[in-house]
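Side chains included, hydrogens not; waters and symmetry mates left out as well; all remaining heavy atoms used. Remember, predicted model here, so these are calculated numbers, not experimental data. Each chain gets a letter, A, B and so on, in the order its sequence line appears, and its residues count up from 1.
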Amino acid sequence: MLEKISKSYNPEDFEDKIYKSWEKSGLFNPDNLDLAESAPSYTIILPPPNITDKLHMGHSVMIAIEDLLIRYHRQKGYRALWLPGTDHAAIATQNAVEKKILKETGKTRHDLGKEEFLKEVWKFIDETQATILKQIKKMGASLDWSRLAFTLDEPRQKAVEKMFVDMYESGVIYRGERIVNWCPRCHSTLADDEVEYKEKTSELYTFYYSKDLPIAISTTRPETKLGDTAIAVNPKDKRYSKYLGKTINLSFLGVDLSLQVIADNLVDKSFGSGALGVTPAHSMADWQMAQEHNLEFKKVIDEDGLIKNDFSKYSKLSSLEARKKIVNDLKEAGLLIKTETIENSISTCYRCSSVIEPLLSKQWFVSVDKPIKHLEGKSLKQKAAEVVENEEIKFLPARFKQTYLNWVNNLHDWCISRQIWFGHRIPAWHREDEVYVGFEKPKEAGWQKDEDTLDTWFSSGMWTFSTLGWPDNYQNGEKKGDLAKFHPTNVLETGYDIITLWVSRMVMMSLFTLNEVPFKEVYLHGMILDGEGKKMSKSKGNGIDPMDLIEKYGADAVRLSLLTGVTPGNDSRYSEEKAEAKRNFINKFWNISRFIISSSDNKINKKAQLNTLADRWIFSKFLEIVENTNERLEKKDFSLATEELINFIWNDLANWYLEISKIEKNKEEILSCMLSGILRLIHPLAPFVSEAIWQSWQNTTLMTEKYPSISEFVNVENVDLKDFELIQEIIVAIREARSAHKIEPSKKIAAYIVVNKKEDLIKNQQALIKNLKTNIKELNFIEKKQAPKEAVFTIASDIEIYLLQEIDKDQELERLDKERKDLEKYIKIVKVKLDNSDFVKKAPEKVVKIEKEKLKSSTEKLEKIIEKIKNLK
RNA sequence: GGGCGCAUAGCUCAGUUGGUUAGAGCACUUCGUUUACACCGAAGGGGUCCUAGGUUCGAAUCCUUGUGCGCCCACCA
């Protein structure tokens with residue numbers, strides 16, 4: 001039995017054991033749930049953590065929320081599927097392994113060679129993947145492990161290839177030469193949103209290309225000027241209008257340049273000299289300008305970050321060396337006009353922080369603008385915007401709808417090829433200039449497989465359906481198996497920082513291939529910041545490790561601490577005290593249960609006899625909280641649902657009703673009835689402790705016990721949901737009692753509810769005082785002399801008043817005086833309100849009536865208090 | 001440059017469509033208790049709801065403005 005185990009709840013005694021028993025039951029798998037064929041599905045696909053990750057607070061929030069949703073719906077009788085998986089995170093993983101190998105052996109990946117290196121990666125994955133999965137389990141996540149997926153396992157490879165080929169065949173995927181973000185260290189392209197901008201100071205050089213041309217230009221990157229093919233000026237800039245349209249041939253430090261002078265609105269007259277050297281091959285903006293003006297491209301820097309061969313003395317230099325040398329040469333040639341320091345932002349690689357080199361390169365792209373036949377001729381971009389505009393996909397909080405739409409509407413073609421080794425291989429073959437895209441290598445000789453791999457988001461973009469058996473489960477436009485049962489999924493729950501990177505990709509991929517949305521709702525949680533409001537990060541060392549928290553306070557406490565005091569989409573600061581506070585609650589709850597179970601048999605009572613006022617009061621509160629929790633959870637208002645449930649358990653049930661139950665006897669039925677409800681109610685929020693209590697009480701698993709709803713308790717007698725107010729009842733009862741006993745309000749005595757034994761009363765008076773005192777202030781004082789000898793008397797069949805202690809006269813006067821002042825102030829406010837004819841005319845009748853009643857009862861109260869003060873004096 | 005968010009008790013934050021005298025946790029003060037629980041209980045102090053206007057019978061809540069933080073996107077030659 002529970003009470004013999006421990007006076008306080010030790011999570012470590014239960015959590016692992018319980019998790020194993022859940023896994024063993026097989027009930028995380030919806031196929032094993034005892035459900036009617038028609039039971040609706042409820043699906044969440046776990047946003048796959050990177051295999052290299054350790055669990056961090058962001059994951060913990062995600063798991064707490066998703067597990068809550070899944071457990072809630074499972075208990076509600078849904079076919080609840082929460083599908084786990086991990087992400088191969090191509091670049092991140094490759095970098096991690098490179099770092100590791102370099103540290104251990106001093107070798108680079110090139111030393112090892114591709115094959116050896118990839119072996120090392122897979123070895124590494126075997127180790128790290130186990131870690132993150134184990135940690136997810138520690139949180140209590142009820143994920144269906146039988147469906148575990150990995151973005152680079154065999155089924156997903158098959159799916160990715162199919163997707164690529166389909167997209168290629170419908171012309172959405174194409175190969176083209178475009179300017180891309182190139183990371184010289186990762187030796188790969190990056191998507192636009194994988195680039196991070198960092199504020200830095202740079203040298204801005206202003207100089208002439210040559211003495212032959214009196215137009216000066218400004219740049220922070222003189223080395224790229226070797227590849228300039230134009231000079232752009234603002235069309236309104238009169239200084240240069242005479243040059244417009246001309247082509248100027250000159251020698252720039254010994255390198256021949258042919259420069260067209262063009263006009264473009266993008267050029268800022270006031271920046272530098274007002275003229276811009278256009279380098280189409282090494283600048284995003286210049287590339288776009290070059291497209292419009294049909295300019296030539298001239299590559300200067302190669303994939304290693306070195307100056308290419310055709311640039312005389314600068315060839316083979318790194319871009320930085322070339323820059324120094326050019327600046328120096330400009331000085332010597334007297335061409336350099338000035339050097340100034342400016343603040344600008346440098347684009348860097350989001351994975352390794354190297355400076356990005358924009359360069360021209362042949363890559364694979366997903367076109368977002370190409371009309372797609374099977375989507376009514378709409379493009380991916382249009383469709384992705386459409387389904388959010390018409391709310392086929394809803395955002396919570398709603399403001400992120402706009403963020404999403406802004407982003408999608410400004411979307412450019414998505415570069416999906418990466419020049420890293422680890423990742424999905426592109427199903428394409430090359431033979432000289434020919435390209436073939438397909439599953440198998442063409443039979444003729446000479447075809448070489450494309451060396452590139454795919455952007456990691458390409459495979460994670462397919463996550464909602466690649467995990468559900470696509471493409472095998474999709475034939476001739478018909479879904480079957482898991483795909484039919486569980487797609488579209490219900491909710492995508494993730495951080496708002498990932499809307500662009502991931503959410504939009506999933507939407508496009510799912511629309512392209514299934515012509516349906518991947519999820520009906522996007523719930524975005526906020527970021528967890530440290531105590532100072534800063535992002536937690538490894539390098540800053542300010543992170544809190546959820547595993548440490550779990551070890552110290554238990555998984556339930558950690559979960560509750562992450563669910564409360566937060567609102568969706570808003571960041572929140574986290575400090576350990578939050579977990580501590582919730583640990584205290586969990587322990588409280590443990591003891592409440594222990595107390596109730598110890599005094600009840602193992603029966604759960606569905607029907608409770610409500611004998612006394614206290615019974616009716618607590619039960620109505622209980623029903624209120626049942627309804628409230630259901631409502632809150634439906635609205636995904638997790639924070640308030642949790643807080644209010646905790647508040648009910650701690651304040652109403654434990655501090656008030658349990659104290660009464662020690663005096664009034666025969667509460668076993670109602671207590672066990674409520675405990676059964678509360679355990680089921682709180683299980684999605686705090687699964688371990690609730691299951692631990694349940695299993696020491698009942699022989700079933702709580703996980704699949706029905707989630708309580710009010711209708712379950714309608715057969716309980718004596719409960720009228722509209723008649724909850726304890727105060728009213730007590731007041732009536734006590735008024736009757738007062739006249740029956742002829743008790744007058746008097747000087748020095750406080751009176752409180754108690755029942756039967758005096759000893760009990762003394763012990764529990766404190767708890768009782770709070771409630772009566774706050775609720776029926778006017779009845780706090782009774783003439784001591786008029787009380788019966790035992791100092792206990794009945795004022796109603798189920799309430800008795802007991803005279804407790806003498807009150808300090810001065811203190812009491814002070815208190816009463818304050819109360820009087822408060823009341824007077826309040827009455828004044830209400831009077832002003834009621835005197836205001838506008839209020840009476842315009843406010844709803846109900847509100848006016850309430851106000852009038854308030855005024856009346858307050859005035860009565862005030863009179864009584866004044867009388868009391870008189871008597872005391 | 002464009003967009004978004006936040007500002008409420010000492011701290012961290014709630015506060016649902018405007019409607020009782022604005023709440024919780026932590027911290028603080030005083031007191032109590034040791035067979036459900038000290039990871040406890042009771043009582044208490046603490047707030048011009050950032051500023052200035054407006055709408056309304058009524059504003060923490062809606063609108064406008066200012067200030068201070070924070071974030072995202074674009075540009076950065």
Side-chain angles (χ1 to χ4, degrees), chain A residues 2-3 7-9 193 197 202 204 217-221 224-225 232 266-268 271-273 275-279 283-286 342-347 397 399-400 402-403 406-407 410 496-497 499-500 526-527 529 531 533 553 557 561 564-567 569-575 577-578 580-599 631-632 635 637 639-640 643-644 646-647 654-655 658-659 662 763-770 773 822-823 825-826 829-830 833-834 836-844 846-848 850-851 853-854 858:
Chain A
L2 212 50
E3 71 269 21
K7 277 175 75 166
S8 55
Y9 175 67
D193 42 78
Y197 294 92
S202 307
L204 178 71
I217 56 143
S218 303
T219 182
T220 53
R221 302 197 53 199
T224 64
K225 299 293 104 184
L266 284 178
V267 181
D268 178 359
F271 190 94
S273 64
L276 162 66
V278 183
T279 323
S283 152
M284 291 286 170
D286 294 7
I342 58 160
E343 286 286 333
N344 69 344
S345 60
I346 304 280
S347 46
R399 70 181 130 94
F400 285 105
Q402 211 44 52
T403 310
N406 284 344
W407 192 78
N410 292 318
Y496 65 79
D497 56 332
I499 293 178
T500 53
M527 305 288 123
L529 309 173
Y553 304 106
S561 72
T564 51
V566 295
T567 39
N570 287 342
D571 297 347
S572 66
R573 299 180 188 198
Y574 194 89
S575 56
E577 287 94 68
K578 291 192 179 179
E580 198 183 337
K582 292 302 182 279
R583 188 268 319 263
N584 294 352
F585 165 73
I586 297 281
N587 187 58
K588 183 81 187 177
F589 182 54
W590 170 261
N591 276 294
I592 292 166
S593 308
R594 213 155 63 92
F595 178 69
I596 295 175
I597 292 173
S598 68
S599 64
E631 256 174 44
R632 294 272 191 217
K635 285 187 193 158
D637 199 347
S639 184
L640 284 176
E643 273 172 39
E644 284 161 2
I646 289 175
N647 185 52
N655 290 349
L658 282 191
E659 294 305 327
K662 290 172 183 169
K763 205 170 77 196
N764 299 299
Q765 53 181 265
Q766 297 284 347
L768 301 171
I769 285 169
K770 184 190 177 189
K773 221 175 177 182
D822 282 352
L823 259 175
K825 188 175 141 204
Y826 176 62
I829 293 170
V830 180
K833 214 184 236 180
L834 286 172
N836 184 333
S837 58
D838 277 342
F839 170 75
V840 179
K841 262 188 230 159
K842 293 181 185 172
K846 195 177 138 202
V847 175
V848 177
I850 290 170
E851 291 291 330
E853 275 166 16
K854 278 193 302 201
S858 312

Side-chain heavy-atom pair A:K582, A:I646 within 4.5 angstrom cut-off
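Yes, side chains in contact.
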
Is [X] close enough to [N] that one of its side-chain N or O atoms is under 4.0 Å from OP1 or OP2 there?
X	N	value
A:K833	B:G58	no
A:T567	B:A14	yes
A:R573	B:U12	yes
A:R632	B:U16	no
A:N584	B:C40	yes
A:N655	B:G41	yes

Considering every strand shown, what is the Watson-Crick or G-U wobble mate of B:C40 when both distances are under 3.5 Å?
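Across any shown strand, B:C40 pairs with B:G32.
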
Mate of B:G70 where both pairing distances stay under 3.5 Å, Watson-Crick or G-U
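Pairing partner, where one exists within any strand: B:C4.
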
Under 4.0 Å, counting only non-hydrogen atoms across every strand here, what does [X] touch: a base, just sugar-phosphate, or nothing?
X	result
A:S599	nothing
A:V278	nothing
A:T279	nothing
A:K578	sugar-phosphate
A:G277	nothing
A:A581	sugar-phosphate

What is the separation between atom [atom1] on [X] and atom [atom2] on [N], rounded to the nearest whole Å?
X	N	atom1	atom2	result
A:K854	B:G19	NZ	P	12 Å
A:E644	B:G25	CD	C1'	14 Å
A:K842	B:G18	NZ	P	18 Å

Donor-acceptor pair under 3.5 Å: do we get one between A:R583's side chain and the base of B:C39?
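Under the 3.5 Å cut-off, the side chain and the base do form a donor-acceptor pair.
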
Presence of donor-acceptor pair under 3.5 Å, side chain of A:K588 and base of B:C37:
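Per atom types, the contact qualifies.
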
Side chain of A:F595: nearest nucleotide among B:U21, B:C75, B:A36?
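Given the options B:U21, B:C75, B:A36, the side chain of A:F595 is closest to B:A36.
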
Could you tell me whether a side-chain N or O of A:S639 sits under 3.5 Å from a main-chain N or O of A:G565, the two making a donor and an acceptor?
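Yes, A:S639 side chain to A:G565 backbone: donor-acceptor pair under 3.5 Å.
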
Measure the distance between the ring centre of A:Y826 and the centre of the six-membered base ring of B:U21, then answer whether it is under 5.5 Å with planes under 30°.
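So yes, this residue stacks on that base, both cut-offs being met.
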
